[in-house]
Amino acid sequence: PPAREAGRSTQSAEVAVLHLCARQARVAGDAEDRQNVSELQQLERQRARCAMQAGAAAQLHIAVQQRDSEAVSGLLAAGADVNARAKGDGATPLFSAAAGGYGEIVSRLVAAGAALNAATQVGTTPLWVAAYMGHDEIVSDLTAAGANLNAAVQNGATPLYIAAQR
């Protein structure tokens with residue numbers, strides 16, 4: 001279910017932020033021992049930026065799943081990672097948008113530099129899933145943008161093969 005996957009994406013992003021912040025806290029502690037205020041301020045800015053980006057990446061997955069194109073645009077403008085992978089299957093926001101048939105969001109993600117051929121753990125790409133789901137306009141858009149028609153999944157099926165079977 002999308003809500004469950006969104007929860008996992010958010011949780012994994014929060015865990016990653018906690019690990020990063022813990023590591024930075026150790027460095028910050030060393031810097032404090034040396035009384036280097038400038039270094040502490042720089043580390044705090046980095047920590048805030050990392051937390052925002054990790055949170056924005058999880059929120060980007062959620063915004064795509066909820067088909068909220070305004071939120072997608074805002075998060076991309078705020079620096080969300082357009083190619084952030086979901087924990088579990090490794091899907092990107094573009095994959096989710098292509099699977100859902102969300103053409104406007106697909107266009108925004110492609111314009112923001114989304115990796116067209118980023119595959120999930122089983123090899124499915126945004127183009128593959130769009131072809132499989134019958135989202136012909138998205139197939140056309142992704143193909144025009146340069147997506148690989150011959151990127152095969154584990155069983156050897158390519159987006160071109162899937163489209164021909166329909």
Side-chain angles (χ1 to χ4, degrees), residues 1-20 46 48-166:
R4 175 186 258 164
E5 289 299 317
R8 277 188 244 163
S9 295
T10 302
Q11 184 179 22
S12 66
E14 291 169 353
V15 169
V17 169
L18 288 174
H19 285 284
L20 181 61
Q46 284 179 320
R49 207 170 25 255
C50 287
M52 186 282 300
Q53 288 173 343
Q59 290 173 6
L60 182 59
H61 277 278
I62 293 166
V64 168
Q65 291 167 354
Q66 293 179 345
R67 198 176 189 167
D68 188 342
S69 57
E70 287 182 32
V72 168
S73 293
L75 289 163
L76 291 171
D81 180 1
V82 71
N83 294 308
R85 300 280 185 156
K87 185 174 180 170
D89 65 0
T92 63
L94 181 60
F95 181 91
S96 298
Y102 310 146
E104 181 181 346
I105 293 175
V106 167
S107 296
R108 290 179 190 206
L109 294 168
V110 169
L116 299 173
N117 299 307
T120 64
Q121 290 179 346
V122 296
T124 51
T125 63
L127 180 60
W128 194 98
V129 75
Y132 182 80
M133 299 300 289
H135 302 307
D136 296 336
E137 188 173 320
I138 292 173
V139 168
S140 294
D141 292 345
L142 291 172
T143 302
N148 184 355
L149 284 168
N150 295 307
V153 294
Q154 290 175 348
N155 70 2
T158 66
L160 187 58
Y161 173 81
I162 294 298
Q165 294 300 309
R166 292 194 41 236

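Between L116 and L127, every side-chain heavy-atom pair lies at or beyond the 4.5 Å cut-off.
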Enumerate, atom names and distances included, each donor-acceptor pair closer than 3.5 Å involving a side-chain atom of residues 146-154, sequence neighbours excluded.
from, atom 1, to, atom 2, distance (Å)
N148, OD1, N150, N, 2.7
Q154, NE2, Q121, O, 3.4

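Note that OH of Y102 is 11.5 Å distant from OG of S69, once rounded to the nearest 0.5 Å. Of the inter-residue distances, the one linking M133 atom CE with I138 atom CD1 reads 10.0 Å to the nearest 0.5 angstrom.
Listed by chain and number, the residues in a side-chain hydrogen bond (donor to acceptor under 3.5 Å, both in side chains) with T124 are T120 (sequence neighbours excluded). With sequence neighbours excluded, the residues forming a side chain to side chain contact (heavy atoms under 4.5 Å, CB included) with A99 are V129, listed by chain and number. By the side-chain hydrogen bond (donor to acceptor under 3.5 Å, both in side chains) test, Q66 pairs with no residue at all, sequence neighbours left out. Partners of A114 by side chain to side chain contact (heavy atoms under 4.5 Å, CB included), not counting sequence neighbours, listed by chain and number: V82, N83, L94, L109.
Screening residues 81-100 for ring-ring contact (aromatic ring centres under 6.0 Å, His included) gives no qualifying pairs among residues at least two apart or on separate chains. The salt bridge (charged side-chain N to carboxylate O under 4.0 Å, His left out) pairs that include a residue from residues 58-71 number zero, where partners must be two or more places apart or lie in different chains. Evaluation of the salt bridge (charged side-chain N to carboxylate O under 4.0 Å, His left out) test over residues 121-140, restricted to residues two or more places apart or in two chains, returns D136-R166. Applying the salt bridge (charged side-chain N to carboxylate O under 4.0 Å, His left out) test to every pair with at least one member in residues 138-158, sequence neighbours left out, gives no pairs at all. Among residues at least two apart or in separate chains, ring-ring contact (aromatic ring centres under 6.0 Å, His included) pairs with a member in residues 130-166 are W128-Y132. Identified under the salt bridge (charged side-chain N to carboxylate O under 4.0 Å, His left out) test for residues 99-120, with sequence neighbours left out: E104-R108.
In terms of heavy-atom proximity, V139 sits nearest to A130 at CG2-C, 3.7 Å.
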